[in-house]
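Chain letters run A, B, ... following the sequence lines, proteins first, then strands; residues in each count from 1.
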Number of protein chains: 2
Amino acid sequence: MNKEKNSPSVDSFKVKCKEHRLKTTPQRLAIYKELLRSDDHPHADIVFKKVRKIFPHISFDTINRTLLTFAELGIVAMVEGYGEPKRFDIKTDQHHHFRCIKCKDIVDFYHTSYDNIKVPENLQRQYTILAKRVVLEGICDKCGKKS
Amino acid sequence: MNKEKNSPSVDSFKVKCKEHRLKTTPQRLAIYKELLRSDDHPHADIVFKKVRKIFPHISFDTINRTLLTFAELGIVAMVEGYGEPKRFDIKTDQHHHFRCIKCKDIVDFYHTSYDNIKVPENLQRQYTILAKRVVLEGICDKCGKKS
DNA sequence: GTAAGTGCAAAGGCTTTGCGCACGC
DNA sequence: GCGTGCGCAAAGCCTTTGCACTTAC
């Protein structure tokens with residue numbers, strides 16, 4: 001494993017850009033850095049508002065296009081939702097999610113035994129499985145206290 | 001367990017409506033029946049096009065509002081996606097999903113050992129877990145043949 | 001220098017909201 | 001008859017597209 005290449009960092013980002021023949025523009029770098037800072041799976045508009053503080057002239061389209069490009073190339077991941085705006089995650093390694101059904105928060109967690117769950121044989125035969133993920137849903141501590 | 005109440009059927013639907021003080025209008029019944037017929041987790045527009053064949057004067061808003069109401073009350077489930085239009089599922093019992101990343105098909109499957117996966121203790125303590133679901137992603141047989 | 005990327009503007013979808021009329025209970 | 005639900009229309013977002021200008025390589 002090449003750590004440089006796989007753990008999210010500014011350096012790994014530059015490497016990935018070269019691999020995909022993407023230009024490492026200041027805008028892209030700023031967007032990537034913002035994602036590095038976030039652990040709440042922000043959507044484009046949140047990233048826009050934050051990056052604009054550093055980059056006042058950046059346009060929303062650049063944010064959106066960049067995030068979609070990153071997602072397509074596997075530089076970032078897209079997280080599943082229920083029809084809300086697309087949300088992005090800097091973590092592309094195997095992990096799992098807890099989702100709060102009230103505040104819509106998504107919390108990442110790692111759990112080796114979930115990584116190793118066996119795919120049912122009939123599905124294994126029929127499909128090419130590329131990713132496995134466990135999604136837990138419920139109510140987070142903050143929302144639990146409110147009610 | 002009250003089978004009448006829990007397995008999806010027209011009868012169980014009427015019971016559920018009464019429980020939630022919803023009127024069982026012909027429109028709602030038609031929408032519910034259409035979902036009963038579908039196993040591909042359709043979004044509102046698909047349901048609209050199909051129901052309109054039986055109910056030419058039904059409006060899209062009715063479909064959309066009805067589906068959202070059903071989802072909110074737990075009469076149907078909403079399936080997770082990546083920012084596309086909301087998709088709905090008549091199955092509200094525990095099951096899991098395979099998603100094809102190419103054609104976006106979602107296939108339901110049941111797998112007891114997935115139902116019984118243990119929630120990590122630290123999460124168990126912090127959150128109230130209401131649902132567990134395994135999501136497998138990859139390429140389905142149809143898309144696999146094409147490439 | 002060249003191709004790729006950015007910013008701006010406009011259009012296209014999907015979803016939501018408000019309101020008068022209709023209809024199930 | 002009462003209150004919920006429906007249909008229609010309009011508005012509000014989010015996302016996508018096209019194009020000229022700019023910039024990284």
Side-chain angles (χ1 to χ4, degrees), chain A residues 10 13-34 41-73 75-76 78-88 104, chain B residues 10 13-34 41-73 75-76 78-88 104:
Chain A
V10 172
F13 172 67
K14 289 182 181 166
V15 172
K16 281 184 178 169
C17 280
K18 276 212 178 110
E19 278 178 8
H20 295 289
R21 292 183 190 75
L22 285 186
K23 292 178 181 170
T24 48
T25 64
Q27 288 93 331
R28 285 179 174 161
L29 203 60
I31 294 167
Y32 192 81
K33 278 184 183 169
E34 182 48 47
H41 317 84
H43 54 261
D45 198 49
I46 306 270
V47 177
F48 177 49
K49 291 201 174 83
K50 290 192 176 169
V51 172
R52 203 168 41 171
K53 286 179 187 165
I54 300 151
F55 240 93
H57 284 294
I58 201 165
S59 78
F60 177 78
D61 307 65
T62 301
I63 306 280
N64 202 42
R65 249 181 312 207
T66 301
L67 289 171
L68 290 176
T69 306
F70 286 177
E72 204 173 326
L73 299 175
I75 297 176
V76 304
M78 225 187 260
V79 292
E80 71 281 353
Y82 291 104
E84 319 90 40
K86 296 182 179 69
R87 295 173 69 171
F88 299 89
K104 313 294 180 197
Chain B
V10 172
F13 172 66
K14 288 180 181 166
V15 172
K16 281 184 179 171
C17 279
K18 275 210 180 112
E19 279 178 6
H20 296 290
R21 292 182 190 77
L22 285 186
K23 292 178 181 169
T24 47
T25 64
Q27 289 94 331
R28 284 179 175 161
L29 203 59
I31 293 167
Y32 192 81
K33 278 183 182 169
E34 181 47 46
H41 319 82
H43 54 260
D45 197 49
I46 306 269
V47 178
F48 177 49
K49 290 202 174 83
K50 291 193 176 169
V51 171
R52 203 167 42 172
K53 286 179 186 166
I54 299 152
F55 239 94
H57 285 295
I58 200 165
S59 78
F60 177 78
D61 306 66
T62 302
I63 306 280
N64 202 41
R65 247 181 312 207
T66 302
L67 288 170
L68 290 175
T69 306
F70 286 177
E72 204 173 327
L73 299 175
I75 297 175
V76 304
M78 224 188 261
V79 292
E80 71 282 352
Y82 291 104
E84 317 90 41
K86 296 181 177 70
R87 295 173 69 169
F88 299 88
K104 314 291 180 198

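- In this structure, A:F13 and A:L29 have side chains that are in contact, with non-hydrogen atoms separated by less than 4.5 Å.
- For B:L73 and D:dT4, the CG to P distance is 14 Å, given to the nearest whole Å.
- The CZ atom of B:R87 sits 15 Å away from the C1' atom of C:dC14 (whole-angstrom rounding).
- Both tests do not hold together for B:R52 against B:F55: distance to the six-membered ring centre under 6.0 Å, angle to the ring axis within 45°.
- Separating the CZ atom of A:R52 from the P atom of C:dT6 is a distance of 17 Å, rounded to the nearest angstrom.
- Spacing between atom CZ of A:F88 and atom P of D:dC14 amounts to 13 Å, rounded to whole angstrom units.
- The stretch residues 21-30 of chain A touches DNA chain C through A:L22, A:K23, A:T25, A:Q27, A:R28, each having a heavy atom under 4.0 angstrom from the strand.
- Atom P of nucleotide D:dT16 and atom CD of B:E84 are separated by 10 Å, given to the nearest angstrom.
- Between A:F60 atom CZ and D:dC13 atom P there is a gap of 13 Å when expressed in whole angstrom units.
- Take B:K49 and apply the salt bridge (Lys or Arg N to Asp or Glu O under 4.0 Å) test, not counting sequence neighbours, and it matches B:D45.
- At whole-Å resolution of the value, CD1 in A:I58 and P in D:dT22 are 17 Å apart.
- Residue A:F55 is the one, among A:F55 and B:P85, whose nearest nucleotide of DNA chain C lies closer to the 5' end (criterion: closest heavy atom).
- Listed by first then second residue, pairs satisfying side-chain hydrogen bond (donor to acceptor under 3.5 Å, both in side chains) with a partner in residues 55-65 of chain A read A:S59-A:T62, not counting sequence neighbours.
- At a threshold of 4.5 Å between non-hydrogen side-chain atoms, the residues A:F88 and A:V47 do not count as touching.
- At least one side-chain nitrogen or oxygen of A:T62 sits closer than 4.0 Å to the OP1 or OP2 atom of C:dG7.
- Within 6.0 Å of CD in B:E84 there are more than 12 heavy atoms belonging to other residues, nucleotides or ligands.
- Proximity of B:M78 to B:L68: side-chain heavy atoms (C-beta onward) are separated by under 4.5 Å at one or more points.
- Atom pair B:K14:NZ and C:dG24:C1' shows a separation of 13 Å (rounding to whole Å applied).
- One can find a donor-acceptor pair under 3.5 Å joining the base of C:dA9 and the side-chain atoms of A:D61.
- Within 4.0 Å of B:H43, counting heavy atoms only, lies no atom of the nucleic acid at all.
- Regarding contacts with the backbone of D:dC14, every side-chain N or O of A:N64 stays at 4.0 angstrom or more from both OP1 and OP2.
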